[in-house]
Amino acid sequence: MNKIKQGLTREKTTQVKLSDISTDTRTFQFRDEDLNEAHAEELKSHIRRGEPLDPISVWRHPETQALIVVDGHHRLEAYRRFGWRGKVPAMVYTCSLEEARKLALKENAKSRLPMTSQERMNAVWNLNCFHDANGPVYSKKEIVALRLASDGTVAKMRRTRQELIAAGESLPNTWLEAMEMLSGRGQSDKDWDADAWVQARADAIDAQVGKIIGYEGERCLDALRVVLEKRLGHRTEELADYWRVDDLADGESPF
């Protein structure tokens with residue numbers, strides 16, 4: 001199938017009925033969670049106080065003319081939760097699906113709800129995996145231009161995809177899974193990026209329990225210590241050794 005060569009054009013900001021706006025989170029949402037409850041409720045409180053929200057960015061589907069959110073899923077949810085009955089401000093974009101997907105990623109990356117490192121890497125990985133009959137949907141140059149990953153990381157992702165395809169593997173949805181799959185197939189120590197793997201694992205853990213750890217650490221550090229000792233057992237001693245700083249004047253850990 002031939003690619004649609006269509007540049008990005010933006011219509012002027014207009015007022016759109018909520019009922020005319022639809023979503024496609026599988027295509028235009030690059031976060032681990034489709035919805036952050038706290039953020040949606042915060043935006044709802046802005047509406048209640050009469051404070052205007054930024055226009056929602058929507059893509060006009062070239063065939064169906066449907067208006068699909070590319071950035072502003074939480075704003076849309078806030079309006080719906082509030083029970084907004086009027087129209088809402090929106091910026092309407094007309095372009096190909098490929099351009100709309102890049103637009104969504106750019107907007108998500110600079111959103112008030114920042115993307116995590118894990119979300120950025122997964123988004124870039126998936127862009128590298130998009131191929132059609134003509135080859136890669138997105139060139140390396142296009143992906144690097146999004147400024148979400150370095151030239152070297154993008155190149156590594158493209159090599160990883162090629163190696164997994166050559167090995168007959170199904171491409172995973174996350175960069176962490178891709179690295180683990182490649183490592184499991186006997187990737188050499190020279191190619192294996194241990195720091196990147198550890199960071200990807202850390203981001204995955206943080207996405208699941210990071211907020212509660214931070215909250216409880218501020219509220220009751222002793223309770224958090226008890227949980228760590230329960231879950232890690234004697235391995236908590238390894239953490240203590242890692243954090244220990246011998247030359248501190250008071251002899252205490254900086255953590």
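- Listed by chain and number, the residues in a side chain to side chain contact (heavy atoms under 4.5 Å, CB included) with R49 are S45, H46, E51 (sequence neighbours excluded).
- Put simply, the side chain of N128 does not reach to within 4.5 Å of the side chain of T160, judged on heavy atoms.
- Here the CG-NZ distance, from D20 to K87, works out to 8.5 Å after rounding to the nearest 0.5 Å.
- Residues K140 and D151 form a side-chain contact, since some pair of their non-hydrogen atoms from C-beta on lies under 4.5 Å apart.
- The cluster map of Ile, Leu, Val, Met, Phe, Trp and Tyr, joined by side-chain heavy atoms under 4.5 Å apart, puts L232 and V227 in different clusters.
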Stepwise, does the side chain to side chain contact (heavy atoms under 4.5 Å, CB included) test hold for N173 with N122? CA-CA 7 Å; N173 292 323; N122 290 341; over 6 Å; no

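- Within the model, atoms CZ of R158 and CD1 of I143 stand 5.0 Å from one another, a figure rounded to the nearest 0.5 Å.
- Without hydrogens or angle criteria, R75 side chain to L43 main chain gives no donor-acceptor distance under 3.5 Å.
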Atom pairs and distances, donor-acceptor, side-chain atoms in residues 215-225, under 3.5 Å, two or more places apart:
from	atom 1	to	atom 2	distance (Å)
R225	NH1	E229	OE1	3.3

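- Smallest separation of non-hydrogen atoms from T14 and V16: CG2-CG2, 3.8 Å.
- F130 and V154 fall within a single hydrophobic cluster, where Ile, Leu, Val, Met, Phe, Trp and Tyr are joined by side-chain heavy atoms under 4.5 Å apart, directly or via other members.
- Qualifying side-chain hydrogen bond (donor to acceptor under 3.5 Å, both in side chains) partners for K17, counting only residues two or more places apart in sequence or in other chains: none.
- Of all non-hydrogen atoms in V70 and A100, the two that sit nearest each other are CG1-O, 4.2 Å.
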_Stepwise side chain to side chain contact (heavy atoms under 4.5 Å, CB included) test for I47 and Y79_ = CA-CA 8 Å; I47 298 173; Y79 281 122; 3.5 Å; yes

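- Taking W59 as the reference, F28, H61 meet the ring-ring contact (aromatic ring centres under 6.0 Å, His included) condition, with sequence neighbours excluded.
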Side chain to side chain contact (heavy atoms under 4.5 Å, CB included) assessment of L127 paired with L146: CA-CA 11 Å; L127 288 183; L146 294 172; 3.5 Å; yes

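- The pair R80-E77 fails the salt-bridge criterion, with no side-chain N (NZ, NE, NH1 or NH2) lying under 4.0 Å from an Asp/Glu carboxylate O.
- Partners of S139 by side chain to side chain contact (heavy atoms under 4.5 Å, CB included), not counting sequence neighbours, listed by chain and number: K141, E142.
- Contact record, L164 with P172: CD1-CD, 4.2 Å, taken as the closest heavy-atom pair.
- Residues passing the side-chain hydrogen bond (donor to acceptor under 3.5 Å, both in side chains) test with S22: none are found, sequence neighbours excluded.
- Between atom CE of residue M179 and atom OG1 of residue T174 there is a gap of 8.5 Å, rounded to the nearest 0.5 Å.
- Residues passing the side-chain hydrogen bond (donor to acceptor under 3.5 Å, both in side chains) test with T23, sequence neighbours excluded: none.
- In this structure, M121 and T153 have side chains that are in contact, with non-hydrogen atoms separated by less than 4.5 Å.
- A distance of 11.5 Å separates CD of E163 from CD of E169, quoted to the nearest 0.5 Å.
- Qualifying side chain to side chain contact (heavy atoms under 4.5 Å, CB included) partners for E37, counting only residues two or more places apart in sequence or in other chains: L35, R81.
- Going from atom CG of L148 over to atom CD of E119 covers 11.5 Å, rounded to the nearest 0.5 Å.
- By the 4.5 Å heavy-atom criterion applied to side chains, R101 and T27 are counted as neighbours.
- Closest approach of V88 and I56 over heavy atoms only: CG2-CD1, 4.4 Å.
- Residues satisfying the salt bridge (charged side-chain N to carboxylate O under 4.0 Å, His left out) test with D24, not counting sequence neighbours, are none.
- With sequence neighbours excluded, no residue forms a salt bridge (charged side-chain N to carboxylate O under 4.0 Å, His left out) with E177.
- Of all heavy-atom pairs spanning V58 and V69, the tightest one is CG1-CA, 4.1 Å.
- Partners of H131 according to the side chain to side chain contact (heavy atoms under 4.5 Å, CB included) rule, which considers only residues two or more places apart in sequence or in another chain, are P136, R161.
- Y138 and E98 make their closest contact through OH-O, 2.9 Å (heavy atoms, listed as atom of the first residue, atom of the second, distance).
- Counting only residues at least two apart or in different chains, ring pair (Phe, Tyr, Trp, His ring centres under 6.0 Å) contacts with residues 144-163 are absent.
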